[in-house]
Amino acid sequence: MVHSPFNFIFVHASLPKFLSFTDVSAALTLALKISLSSPLHSHSKQSTTMDEEFSLDDPTQLLESASNFAHHPGSLNDAAVKDFLDRFPLPVIISALQTKSDVPGLENTLVACLERVFKTKYGASLIPQYMTFVQVGLKADSQIVRCLSCKTVSSFLKNFDDKSIYAIKLIIDCDIYPLLLDCRVNGDEQVATAAIDAIKNLAQFPEAMGIIFPSNFNEATHLGNVASRCSSLGRVRVLSLIVKLFSISSSIASVIYNSNLLSLLETEIKNSNDTLVTLSALELLYELTEVQHGAQFLARTTFQLLHSIISNSSMESILRSRALMISGRLLSKENIYMFVDEPSAKSLISAIDVRLGLLDSQDTDERESALEALGGIGSSIQGAVLLLTSFPPAARHIVHAAFDRQGGGKQLAALHALGNIVGENRPEDGVILNGDAEESLRRLVYEVASESSKLTPSGLLLSVLQQAAEFRLAGYRVITGLVARVWCLMEICSKPEIISIVTDPTAETTKIAMEARYNCCKAIHKSFMSSKLVSDPALSGIAGKLQEAVQRGPYLVRKHTEATPVVMTAERF
């Protein structure tokens, strides 16, 4: 049999499962000697023999070359990788990594070198021949070697052109998946991250579903079984893996839901013994709400859980705050109302309403979270309608806080929430709500105005635009959405000061604020031009001012000035 450094080494299936790290090292050394004495070794570009080029007894040359290769600027192509491996075949590098790790800097250098090798198409094509050594690396004591092995699995799966059963068979034969799970649960942070990436790549193969999601709970790799045997950190890592897999596709999310794995998250959230674990689980639930296809699965299990947390005064405030934010994120999705009935949504909104009532006189982060949650709910059409038509309307908290100049962070959160409710971030055809919701909105604004020293909505809006920059930015958002209502347009036109601010190109200094002011100006102009007010001669000056500001654009354009000579005393040294 003829051996070469590229087709050699082991047929992975022939290796016994109990092969030790030392056994593999010895086998590597023997395989290396065979490959070096092989007639096929003459394919090397170097005229000297490998024994003259490099000796395992003295890794200095390998260390230097690997360092240069690992730190080569820019990307490396297949030709560069092949040239390097012609001089230092993979058996040589792997053997040095296993037997010379005590040499200062060698392990880090070779790991960095191999990582770059396997990222290329050519390097990845060699991985199947070396999968047994990936298996050994996944069990290594060295964390950077374990991390490299996880990344090598990812490279193999990502560069495997034919998504066939062969790749999965190789993973199964070398028992790779259980080792990846162990790296995820017990590795350091970098190893755990690399492991989750490898498992996500494995999940792209339909044939891998049976490996990742075994139907039998008693299987050692069943995620529920793994979580039951873990420390608290391990459980959180398993939950994080479930969330990452859930986000890949709706089909995988369905498998996870049907496997009852989401109940693991619910169990940890209900666990009152460890606040940090509960908070971590809530953070993962928050991440789940961002998944586009998550609504149909979360709606069935999450609402009652969130309601119980928000309503529980004995829980930590930070946990209620996260539950509030999750509620806002979940109910901000238009499609959530396809999967949850209206009473369930109203019940959750009512829990937030009650909680805000208890926090009414307190300046707390939890209150701001509750206002932001209502703002999130109000960003969708159905959410805004529910906030305005409930009894009493939950939106009252937002309107009252939005115009409280002593509110600080509460006022800012409420202004942005009000901007969402009035439709600033909704499509043009979704700004105006149904009749009952619109009447409730108008009544709330006039009610707050009548109870303030400003007396009118225009006075309230002007007072916001006279505050600090961050409040003006939120105020522009409110007016942009609110001015689509005729009553608000009339209020704004009754205050020349508001028109002067929104048309002043020097009013703002930051890009985001300039654009917010300009969008506000455009919204007023559009609403004005489509209303009966456009024919009012008394308002012709406003129309001209708005038109000029819209044509000018959002940014300050300085008028052209001629160069002017400047006469000054010359500096003398």
Side-chain angles (χ1 to χ4, degrees), residues 279 282-283 286 289 306 309-310 313 315-332 348-349 351-379 383-384 387 393-422 424-425 441 444-445 447-449 451-454 457 459-482 501 507-513 515-517 520:
L279 184 59
L282 282 169
E283 293 293 341
Y286 186 80
T289 62
L306 293 172
I309 294 173
I310 294 169
S313 298
M315 291 197 78
E316 296 279 350
S317 175
I318 190 171
L319 298 180
R320 285 195 302 272
S321 293
R322 294 314 293 167
L324 287 163
M325 296 305 294
I326 293 168
S327 302
R329 175 64 62 90
L330 199 55
L331 285 172
S332 69
L348 189 55
I349 291 172
I352 300 173
D353 183 10
V354 171
R355 190 65 199 165
L356 268 171
L358 296 174
L359 297 168
D360 195 43
S361 60
Q362 302 177 39
D363 184 11
T364 64
D365 291 338
E366 188 180 342
R367 178 175 169 80
E368 290 182 27
S369 295
L371 291 169
E372 289 176 18
L374 292 181
I377 295 170
S379 62
L387 293 178
R396 72 190 186 282
H397 297 288
I398 292 174
V399 179
H400 280 84
F403 300 108
D404 178 9
R405 296 196 60 163
Q406 308 302 317
K410 290 184 296 184
Q411 183 192 8
L412 188 60
L415 282 168
H416 281 294
L418 182 56
N420 289 346
I421 290 174
V422 299
E424 186 271 342
N425 58 347
L441 174 63
L444 284 173
V445 173
E447 179 183 297
V448 171
E451 294 172 355
S452 73
S453 59
K454 305 303 179 183
L460 293 177
L461 294 171
L462 177 61
S463 70
V464 171
L465 296 182
Q466 291 172 336
Q467 291 181 246
E470 57 185 353
F471 292 91
R472 292 199 303 274
L473 173 60
Y476 293 137
R477 290 191 65 231
V478 171
I479 295 174
T480 300
L482 206 55
I501 292 173
E508 305 299 337
T509 57
T510 64
K511 181 175 182 292
I512 187 173
E515 292 172 349
R517 178 199 62 78
C520 179

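By the side-chain hydrogen bond (donor to acceptor under 3.5 Å, both in side chains) test, D353 pairs with R396, H397, sequence neighbours left out. The side-chain hydrogen bond (donor to acceptor under 3.5 Å, both in side chains) search around S317 returns E366, not counting sequence neighbours. Qualifying side chain to side chain contact (heavy atoms under 4.5 Å, CB included) partners for Q466, counting only residues two or more places apart in sequence or in other chains: L462. The side chain to side chain contact (heavy atoms under 4.5 Å, CB included) search around A370 returns L324, I352, L356, not counting sequence neighbours. Annotation: side-chain hydrogen bond (donor to acceptor under 3.5 Å, both in side chains) contacts of S313 (sequence neighbours excluded): R355. H416 is linked by a side-chain hydrogen bond (donor to acceptor under 3.5 Å, both in side chains) to R477, counting only residues two or more places apart in sequence or in another chain. Looking at residues two or more places apart in sequence or on another chain, you find no salt bridge (charged side-chain N to carboxylate O under 4.0 Å, His left out) involving R517. Among residues two or more places apart in sequence or in another chain, the salt bridge (charged side-chain N to carboxylate O under 4.0 Å, His left out) test is passed with E515 by K511.
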Which pairs of donor and acceptor atoms, one on a side chain in residues 467-475, lie under 3.5 Å apart (sequence neighbours left out)?
residue: Q467; atom: OE1; partner: Q411; partner atom: NE2; Å: 3.0
residue: Q467; atom: NE2; partner: Q411; partner atom: OE1; Å: 3.2
residue: R472; atom: NE; partner: E508; partner atom: OE2; Å: 2.7
residue: R472; atom: NH1; partner: Q467; partner atom: O; Å: 2.9
residue: R472; atom: NH2; partner: E508; partner atom: OE1; Å: 3.0

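Here the NZ-CZ distance, from K410 to R367, works out to 5.0 Å after rounding to the nearest 0.5 Å. Atoms CG and CG, from L371 and L412 in turn, are 10.5 Å apart once rounded to the nearest 0.5 Å. Atom-to-atom distance recorded for D365:CG and I318:CD1 is 9.0 Å, nearest 0.5 angstrom. One finds the CG atom of L387 at 5.5 Å from the CD1 atom of I377 (value rounded to the nearest 0.5 Å). Annotation: the span from Y476 atom OH to I512 atom CD1 amounts to 12.5 Å, rounded to 0.5 Å. The structure places CG of L444 at 10.0 Å from CD1 of I398, a figure rounded to the nearest 0.5 Å.
The two residues I309 and A323 come nearest to each other via the heavy atoms CG2-CB, 3.6 Å. Residues S332 and S379 share a closest heavy-atom pair of CB-OG, 3.5 Å. When all heavy atoms are compared, the tightest approach of I501 to A507 is O-CB, 3.9 Å. Taking every heavy atom of both residues into account, L415 and V478 meet most closely at O-CG2, 3.3 Å.
Using a 4.5 Å heavy-atom threshold, the side chains of L330 and L348 count as separate. Using a 4.5 Å cut-off on side-chain heavy atoms (C-beta onward), V448 and H400 make contact. Side chains of L319 and L282 form a contact here, defined as non-hydrogen atoms less than 4.5 Å apart.
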*Test L461 against L465 for side chain to side chain contact (heavy atoms under 4.5 Å, CB included), laying out the working first.*
CA-CA 6 Å; L461 294 171; L465 296 182; 5.7 Å; no
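Applying the side-chain hydrogen bond (donor to acceptor under 3.5 Å, both in side chains) rule to pairs touching residues 322-331 yields E283-R322, Y286-R329, E290-R329, sequence neighbours excluded.
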